[in-house]
Enquirer: 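This is the structure, below, for whatever I ask next.
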Number of protein chains: 2
Amino acid sequence: MLTEVVEEYLEAIYKMSLNGPVIAARLAEWMKVSPPTVADMLKRLSDKGLVKTSRRDGVKLTKKGLETAETMVRRHRLWERFLTDILGLHWDEVHEEACKLEHAISSPQVEEKLADILGHPETCPHGHPIPGTKGARKREKEAKPLSQCSVGDEAIIERVADEDSQLLQYLASLGLLPEARVAVKEIAPFKGPMLVNVCGAQYALGQEVAAKIMVKGK
Amino acid sequence: MLTEVVEEYLEAIYKMSLNGPVIAARLAEWMKVSPPTVADMLKRLSDKGLVKTSRRDGVKLTKKGLETAETMVRRHRLWERFLTDILGLHWDEVHEEACKLEHAISSPQVEEKLADILGHPETCPHGHPIPGTKGARKREKEAKPLSQCSVGDEAIIERVADEDSQLLQYLASLGLLPEARVAVKEIAPFKGPMLVNVCGAQYALGQEVAAKIMVKGK
DNA sequence: GTTTAAAATAAGAGTCGTCTAACTAATTGT
DNA sequence: ACAATTAGTTAGACGACTCTTATTTTAAAC
């Protein structure tokens, strides 16, 4: 049996590996833990056959590690959907809660029943694909940050790549939710803000914020 | 912040104290742990102001400890209701699962939303009262084991004081569920089985089983 | 090809929750 | 009242996860 902490590390490695090789030092930052702590843990994960580490490629999940990680991500995102769709929490309140709940499912049966009552959703409330549904992997790749769009572009928001409660609240207040259509009207020079149209209204978004909003070309 | 293990101990102490003074040795059996482990833990719980221990009275929860314990029991039983009523699991499958879920709620708000969608149930699927609903304490006291009934008695099943999956499955197969009406037809001598009527059928129940079924006089 | 910055490792320590083995109370039954 | 059972304590240990401080290795920059 794996501990919760082990599951958290696997999940982190999984998510980080979607953006290139996983460096232990980055993992330490992600987990808010010191580098020696990560080194210890990687040793343990390695011993359990969950990861392979090499100087060249960084940290890689093994088949077994990947399976566990995907299960955790799937459960996390299902719980997020439960928290918003069934309990009626806001999308900025669900991440922390789901982080705990994901480790509290003991069997695939319970996970499946949960998916059943939710209608087998394909994404979490922030737009991230739920592993185990078709096209999950594809979805993960196809989007690009709004900050990389040009003036005149129109796009649909695919997902928001941040769990920060404050940011999510702000985005929701502007109607910047998954499935919303945005149009880039203007980009101020020197990495300045972006003027975007959404739901008929126009807002200026900082680069930082725009970088977190993943869109798919209309 | 309290650890999950601490919460488990408080819950155990709470439940055990409903049947008289809590002896550390009994607690060790309940928690499936060695006596020194319990001694260590009681020291820690004491330091945190969650329990008081004395030779005379055994282990007693403080106000703070009692509050935590009741919260955990409440959450446990709410999750059990969720698992049966919403996910459709059987009553013999939910205890283990709820044991994990109960520690994964971070705020009274989430707990309250859960209670909302469940319709503020007063008991768990096994008939145990949910703390925080009126009469919960009263309920806990008023019932007596079926094994203490006499021939001719009629009673309503209040709850089943065991979480053993096998036993629960067996009881369900006989229709021995909370709210069911039972009539004692015969009691074999020398602590022999009890012949009871339920839903028109008649079954012989061993003393052990009958002792786990708590009833209230019709 | 040095220097510098970044990443990794080594050494030593602490907390939490658990164990076994051995010992000392305290109760209880007769 | 004393032997026997039961309860509790002491001592020493271990695994999981974390820390700090210091050092070494590797990679990048000039």
Side-chain angles (χ1 to χ4, degrees), chain A residues 1-14 16-17 19-61 64-65 68-69 72 96 99-100 102-104, chain B residues 1-14 16-17 19-61 64-65 68-69 72 96 99-100 102-104:
Chain A
M1 243 305 84
L2 303 177
T3 67
E4 285 192 18
V5 177
V6 164
E7 289 175 346
E8 291 285 345
Y9 274 87
L10 294 177
E11 215 183 330
I13 294 165
Y14 173 82
M16 289 175 67
S17 65
N19 307 307
V22 178
I23 307 304
R26 294 295 81 67
L27 185 52
E29 288 162 12
W30 183 294
M31 297 294 295
K32 298 193 208 309
V33 124
S34 72
T37 299
V38 165
D40 272 15
M41 180 53 85
L42 288 178
K43 173 86 177 45
R44 279 199 293 275
L45 294 180
S46 228
D47 291 349
K48 290 198 206 310
L50 296 163
V51 303
K52 278 245 152 58
T53 57
S54 70
R55 264 293 146 61
R56 249 185 45 270
D57 305 329
V59 184
K60 289 267 203 182
L61 292 172
K64 195 170 148 203
T68 309
M72 297 322 298
E96 298 294 311
C99 268
K100 304 230 191 69
E102 72 191 25
H103 306 292
Chain B
M1 242 304 86
L2 303 177
T3 67
E4 285 192 17
V5 176
V6 165
E7 289 176 346
E8 291 284 346
Y9 275 87
L10 294 177
E11 215 184 330
I13 295 165
Y14 173 83
M16 289 176 67
S17 65
N19 306 305
V22 178
I23 307 303
R26 294 295 81 65
L27 185 53
E29 287 163 13
W30 184 292
M31 296 294 295
K32 298 193 209 310
V33 122
S34 72
T37 299
V38 165
D40 273 16
M41 180 54 84
L42 288 177
K43 173 84 178 44
R44 280 201 292 275
L45 295 180
S46 227
D47 290 349
K48 290 199 206 307
L50 295 164
V51 303
K52 278 246 153 60
T53 58
S54 70
R55 266 288 148 63
R56 248 185 47 270
D57 306 329
V59 184
K60 288 268 202 182
L61 293 171
K64 195 170 150 204
T68 307
M72 296 323 297
E96 297 296 308
C99 268
K100 306 229 190 69
E102 71 190 26
H103 306 291

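The sequence lines fix the lettering, A, B, ..., with proteins before strands; numbering per chain opens at 1.
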Enquirer: What is the separation between atom CG on Leu42(A) and atom P on dA7(C), rounded to the nearest whole Å?
Expert: 15 Å
Enquirer: If the cut-off is 4.0 Å, is Thr37(A) near the phosphate of dC19(D), judged by side-chain N/O to OP1 or OP2?
Expert: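 So the side-chain polar atoms of Thr37(A) do come within 4.0 Å of the phosphate oxygens OP1 or OP2 of dC19(D), strictly under.
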Enquirer: Rounding to a whole Å, what distance do you find between Met31(B):CE and dC19(C):P?
Expert: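 Distance check: Met31(B) CE to dC19(C) P gives 10 Å.
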Enquirer: For the pair Val51(A) and Val22(A), evaluate side-chain contact (heavy atoms from CB on, under 4.5 Å) and give the outcome as yes or no after the intermediate values.
Expert: CA-CA 11 Å; Val51(A) 303; Val22(A) 178; over 6 Å; no
Enquirer: Atom CD of Glu29(A) and atom C1' of dA8(C): how far apart are they, to the nearest Å?
Expert: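 Taking atom C1' of dA8(C) as the reference, CD of Glu29(A) is at 14 Å.
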Enquirer: Let's see if you can work this out: which of dC19(D), dG8(D), dC19(C) has an atom nearest to the side-chain heavy atoms of Ser34(A)?
Expert: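 Selected nucleotide (nearest to the side chain): dC19(D).
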Enquirer: Does Arg44(B) put a side-chain nitrogen or oxygen below 4.0 Å from OP1 or OP2 of dC16(C)?
Expert: no
Enquirer: Provide, to the nearest angstrom, the distance between the NE2 atom belonging to His103(A) and the P atom belonging to dC17(D).
Expert: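 For the pair His103(A) NE2 and dC17(D) P, the rounded distance is 12 Å.
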Enquirer: With DNA chain D as reference, determine whether Met41(A) or Arg55(A) sits nearer its 5' end, using the nearest nucleotide of each.
Expert: Met41(A)
Enquirer: Nearest to the side chain of Ala25(B), which nucleotide is it out of dA7(D), dA16(D), dT20(C)?
Expert: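 Of the options given, the side chain of Ala25(B) lies nearest dA7(D).
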Enquirer: Could you point out which residue of Leu2(B), Leu42(B), Leu61(B) forms a side chain to side chain contact (heavy atoms under 4.5 Å, CB included) with Leu50(B)?
Expert: Leu2(B)
Enquirer: Name the closest nucleotide to the Val5(B) side chain, picking from dC17(D), dG17(C), dA21(C).
Expert: dG17(C)
Enquirer: CZ of Arg26(B) versus C1' of dT5(D): gap in Å, rounded?
Expert: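 From Arg26(B) CZ to dT5(D) C1': 12 Å.
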Enquirer: Counting side-chain heavy atoms from C-beta on, which of dT18(C), dA16(D), dA8(C) comes nearest to Ala24(A)?
Expert: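 Closest nucleotide to the Ala24(A) side chain: dA8(C).
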Enquirer: Determine: side-chain N/O of Tyr9(B) to OP1/OP2 of dC16(C), distance under 4.0 Å, yes or no.
Expert: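 The answer is no; no side-chain N or O of Tyr9(B) sits under 4.0 Å from OP1 or OP2.
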Enquirer: Output the rounded distance in Å from CG (Leu45(B)) to P (dT15(C)).
Expert: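 For the pair Leu45(B) CG and dT15(C) P, the rounded distance is 17 Å.
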Enquirer: Counting any heavy atom closer than 4.0 Å, what does Val33(A) reach on the DNA or RNA strands: base, sugar-phosphate only, or nothing?
Expert: sugar-phosphate
Enquirer: If I take atom CD1 in residue Ile23(A) and atom C1' in nucleotide dT25(D), what distance separates them, rounded to the nearest angstrom?
Expert: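 Computing the Ile23(A):CD1 to dT25(D):C1' distance gives 15 Å.
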Enquirer: Report the residue (Glu4(A) or Ala39(B)) whose heavy-atom-nearest nucleotide on DNA chain D is the more 5′ of the two.
Expert: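 In this pair, the answer is Ala39(B).
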Enquirer: Which value, rounded to the nearest 0.5 Å, describes the distance between Tyr14(A) atom OH and Thr68(A) atom OG1?
Expert: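 Interatomic distance, Tyr14(A) OH to Thr68(A) OG1, rounded to 0.5 Å: 12.5 Å.
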Enquirer: Which heavy atom of Lys64(B) sits nearest a heavy atom of Lys48(B), and at what distance?
Expert: NZ-O, 3.1 Å
Enquirer: Could you check how far CD of Glu8(B) sits from C1' of dT18(C), rounded to whole Å?
Expert: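 Taking atom C1' of dT18(C) as the reference, CD of Glu8(B) is at 15 Å.
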Enquirer: Testing the basics here: between Glu102(B) and Met72(B), what is the closest heavy-atom pair and its distance to 0.1 Å?
Expert: O-CE, 3.1 Å
Enquirer: Using heavy-atom distances to pick each residue's nearest nucleotide on DNA chain C, tell me which of Gly58(A) and Asp40(A) is more 5'.
Expert: Gly58(A)
